[in-house]
Protein chains: 2
Amino acid sequence: MSLTIKSCYALRGLYELYKLQNEQNQNNEKNYISIFNISENTDIPNEFLAKIFSELKRAGIVDSGRGKFGGFTLAKNPEEVKLSEIVEALEVPLNSYDCVTKGECVNQDTCPADFVWRRVQKAIFDELSKITLKDIIEYGERKGNVSPI
Amino acid sequence: MSLTIKSCYALRGLYELYKLQNEQNQNNEKNYISIFNISENTDIPNEFLAKIFSELKRAGIVDSGRGKFGGFTLAKNPEEVKLSEIVEALEVPLNSYDCVTKGECVNQDTCPADFVWRRVQKAIFDELSKITLKDIIEYGERKGNVSPI
DNA sequence: TTCAAAACATACATAGATGTCTACTTTTTA
DNA sequence: TAAAAAGTAGACATCTATGTATGTTTTGAA
């Protein structure tokens, strides 16, 4: 499990999605937010964000509606989405440094260190499992409330 | 703090250094092992390993002697070397994805997720702090004793 | 004093991951 | 039927980890 800017974009995008949904949702109807709107507010490149959300949909983290007035919506309550899910959905390690990215070792038979990467892998996963999208939202809102002087 | 194949090479290299030192050290004299010898036994590219060991020396993890019969030697007892030291000595995050590699966020003021990367960063460091070079050596020796049929 | 073997220093090459951009297709609503 | 959105595919650019090559300095021994 690697950690790239994709995960960062995903969290910021999901946070923005939540915010826009709540702003516009006066009468509690199901509403979709377009990628364009999210990227506009976050300065995340439009097309890259589209890719990311497409992957998040496949993982069941967001739902989408096509066509006019389509867009994305959160598929679950924020407290039900663990960050480990999000990161796992996005970060697909495919390069050759298996020992560090996958926590697996190419020289299985001789490598005296493979257990290290497995332990690190697990440590990352465990830490990410303790955090939910709700924590992100609360943290972001607290931060947003700090008015700059 | 990123994790690349450098860290992997370092651990395998240090393990090999320890082994060669003990094989050759019949009468407990200080003896140096050359990079050439280590890379020969581990299939780690010679010059790359040289770079890695040079960084390990700067971090005080190995000592070196120049000239003929020079080479490298462990600077401390294996149980005194935490893996967090080794990884920190090698993995210098310099790319632009500060939020994920350095645990710092470029958009400090608005990012609702920077605390996540700090926590992950810490989780990795904490896990690596619990493991020493001695653990690597013991694990490697156990593994080496398993005779393939 | 000379040679060989080693660390040390540095610059260069390259592949592959990563991120960005462009264009096109399909779907849906008004 | 037009507009706005997701979805899809692929080209392109860039960055950086990795590996290579070359040369310099140091040291011990013959």
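Lettering of chains follows the sequences in order, A, B, ..., and the numbering in each one begins at 1. Not measured: the values here are computed from a predicted model.
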Spacing between [X] atom [atom1] and [N] atom [atom2], to the nearest angstrom:
X      : N       : atom1 : atom2 : result
F69(A) : dT28(C) : CZ    : C1'   : 10 Å
L49(B) : dT18(D) : CG    : C1'   : 13 Å
I35(B) : dT20(D) : CD1   : P     : 15 Å
N31(A) : dA5(D)  : CG    : P     : 13 Å
N37(B) : dA5(C)  : CG    : P     : 12 Å
I52(A) : dA6(D)  : CD1   : P     : 14 Å
K68(A) : dA4(D)  : NZ    : P     : 6 Å
I38(B) : dA7(C)  : CD1   : C1'   : 12 Å

Decide, yes or no, whether a salt bridge links E55(A) with K6(A) under the criterion of side-chain N to carboxylate O below 4.0 Å. yes

Judged by modelled atom types alone, do E91(B) and T4(B) share a side-chain donor-acceptor pair under 3.5 Å? yes

Would you tell me whether S129(B) and K82(B) have side-chain atoms, one donor and one acceptor, within less than 3.5 Å of each other? no

Suppose we screen for side-chain contact (heavy atoms from CB on, under 4.5 Å). Which residues come up paired with A75(A), at least two apart in sequence or across chains? D63(A)

Starting from the C-alpha separation in whole Å, work towards a yes-or-no answer on side-chain contact (heavy atoms from CB on, under 4.5 Å) for V62(B) and L14(B). CA-CA 9 Å; V62(B) 296; L14(B) 288 169; 3.6 Å; yes

So what does F48(A) touch, heavy atoms closer than 4.0 Å: a base, only the sugar-phosphate, or nothing? base

Starting at the 5' end of DNA chain C, which residue's closest nucleotide do you reach first, G67(A) or G70(B)? G70(B)

Report the residue (I33(B) or N46(A)) whose heavy-atom-nearest nucleotide on DNA chain C is the more 5′ of the two. I33(B)

For a quick test of your reading: what N or O donor-acceptor pairs under 3.5 Å do the side chains of residues 44-54 of chain A make, sequence neighbours left out?
from, atom 1, to, atom 2, distance (Å)
N46(A), ND2, S39(A), OG, 3.3

Do E85(B) and K76(B) have side-chain heavy atoms sitting under 4.5 Å apart? yes

Compare side-chain N and O positions of Y32(B) against OP1 and OP2 of dG28(D) and report whether any pair is under 4.0 Å apart. no

I'd like to compare against my own output: the B/S/- annotation of nucleotides 8-14 of chain C with a strict under-4.0 Å heavy-atom distance to protein. S--B---

